[in-house]
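Note sheet for the following structure.
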Amino acid sequence: MGEPIGPVQVTLRREGDNVQHFDLGAKSLPEIVIDWSALSKAEQDVEHFGARFLCAAALACFGNTFYNALKREGATVRSFEARASIKKEKDAIFRTRYTKILLEVNVKTEDDDAFSTVCEELELGSLVTYSLPEGIEVEHDIQRL
């Protein structure tokens with residue numbers, strides 16, 4: 001494998017047909033393991049990990065940016081919950097692609113000014129959420145060993 005292009009690198013290692021290890025390189029979440037061995041084929045078909053990871057990435061970035069901006073503005077955050085869902089559609093040649101992510105954020109705070117300021121700022125998105133509509137170049141370096 002070549003040199004990483006940036007400071008974040010995630011690696012994938014498969015153990016046969018059913019187990020995948022994602023090494024995230026993060027101290028707070030070093031690894032994600034997916035194990036399908038106890039699932040039926042029908043159950044595996046609705047796991048949708050690509051969609052789930054994409055939603056988690058958007059939610060983690062947007063949610064943390066929103067929360068940290070509220071704190072920066074001096075707000076007291078009583079509760080913070082968020083949810084992401086994703087929509088997919090088929091194009092003219094029947095390839096499926098993700099077309100929309102909905103981020104729903106519920107914040108309990110009494111600080112109206114801080115909340116309004118942060119809402120206005122975050123309409124522009126967070127690093128992940130404003131990168132998606134702009135497009136992210138994907139390069140493939142595939143080697144046969």
Side-chain angles (χ1 to χ4, degrees), residues 1-73 75 77-109 112 114-145:
M1 289 191 209
E3 289 295 315
I5 62 171
V8 174
Q9 177 177 296
V10 174
T11 59
L12 166 63
R13 179 175 48 85
R14 290 198 68 123
E15 290 179 12
D17 294 337
N18 291 318
V19 180
Q20 300 178 60
H21 295 264
F22 292 87
D23 179 353
L24 302 180
K27 289 183 180 182
S28 60
L29 183 61
E31 181 180 50
I32 296 173
V33 177
I34 298 171
D35 186 348
W36 288 316
S37 44
L39 302 180
S40 69
K41 176 68 172 124
E43 290 171 320
Q44 290 178 23
D45 288 346
V46 294
E47 289 290 275
H48 306 297
F49 279 107
R52 292 179 195 286
F53 286 162
L54 188 54
C55 284
L59 197 56
C61 185
F62 190 84
N64 287 331
T65 301
F66 201 108
Y67 183 87
N68 291 333
L70 285 169
K71 299 300 279 184
R72 182 194 70 230
E73 291 293 321
V77 180
R78 304 274 183 233
S79 68
F80 189 100
E81 294 183 6
R83 176 173 62 186
S85 55
I86 196 164
K87 180 180 180 181
K88 64 182 179 180
E89 296 177 356
K90 293 195 183 291
D91 64 13
I93 59 171
F94 300 102
R95 290 187 332 166
T96 304
R97 69 181 195 96
Y98 297 114
T99 57
K100 185 175 188 176
I101 295 175
L102 171 62
L103 298 177
E104 300 170 273
V105 179
N106 293 311
V107 179
K108 185 174 183 181
T109 182
D112 292 337
F115 182 77
S116 295
T117 298
V118 171
C119 283
E120 189 174 315
E121 287 175 14
L122 269 290
E123 279 299 316
L124 299 173
S126 65
L127 177 58
V128 168
T129 64
Y130 77 68
S131 296
L132 291 171
E134 295 297 321
I136 299 172
E137 179 182 337
V138 177
E139 181 179 324
H140 302 95
D141 179 6
I142 302 170
Q143 311 272 331
R144 183 171 180 211
L145 303 177

Residues at least two apart in sequence or cross-chain that pass salt bridge (charged side-chain N to carboxylate O under 4.0 Å, His left out) with R97, listed by chain then number, are none

How far apart are the closest heavy atoms of A58 and V128, and which atoms are they? CA-CG1, 3.8 Å

Set of residues satisfying salt bridge (charged side-chain N to carboxylate O under 4.0 Å, His left out) with respect to R83, sequence neighbours excluded: E104

Ignoring hydrogens and angles, write down the donor-acceptor pairs under 3.5 Å from the side chains of residues 64-71, residues two or more places apart or on other chains.
unit_1, atom_1, unit_2, atom_2, d
N64, ND2, A60, O, 3.0
T65, OG1, C61, O, 2.7
N68, ND2, N64, O, 3.1

Where is the tightest heavy-atom contact between C55 and S85, given as atom of each residue plus distance? SG-C, 3.9 Å

Partners meeting side-chain hydrogen bond (donor to acceptor under 3.5 Å, both in side chains) with E43 (sequence neighbours left out): S40

Could you work out, with side-chain hydrogen bond (donor to acceptor under 3.5 Å, both in side chains) as the rule, every residue matching R78, not counting sequence neighbours? E110

Rounded distance [0.5 Å steps], CZ in F53 versus NE2 in H48: 13.5 Å

How far does CD1 of I86 sit from OH of Y98, to the nearest 0.5 angstrom? 5.5 Å

For D45, enumerate each residue passing the salt bridge (charged side-chain N to carboxylate O under 4.0 Å, His left out) test, keeping only those at least two apart in sequence or located in another chain. K41

Please identify each residue that fulfils ring-ring contact (aromatic ring centres under 6.0 Å, His included) with Y130, with sequence neighbours left out. none

Please, which pairs that meet salt bridge (charged side-chain N to carboxylate O under 4.0 Å, His left out) have at least one residue in residues 16-27, sequence neighbours excluded? none

Please tabulate, for side-chain N and O atoms in residues 29-39, each donor-acceptor pair with protein atoms closer than 3.5 Å (sequence neighbours left out).
unit_1, atom_1, unit_2, atom_2, d
E31, OE2, H21, ND1, 2.9
D35, OD1, S37, N, 2.9
D35, OD1, S37, OG, 2.4
D35, OD2, S37, OG, 3.3

OG1/T117 to CD/E73 distance, rounded to the nearest 0.5 angstrom? 5.0 Å

T96: what forms a side-chain hydrogen bond (donor to acceptor under 3.5 Å, both in side chains) with it, not counting sequence neighbours? K90

Name the atoms and distances for all side-chain donor-acceptor pairs under 3.5 Å in residues 119-127, with sequence neighbours left out.
unit_1, atom_1, unit_2, atom_2, d
E121, OE1, R72, NH2, 2.9
E121, OE2, R72, NH2, 2.9
S126, OG, F62, N, 3.4
S126, OG, T129, OG1, 3.2

Residues at least two apart in sequence or cross-chain that pass side-chain hydrogen bond (donor to acceptor under 3.5 Å, both in side chains) with K100, listed by chain then number, are none

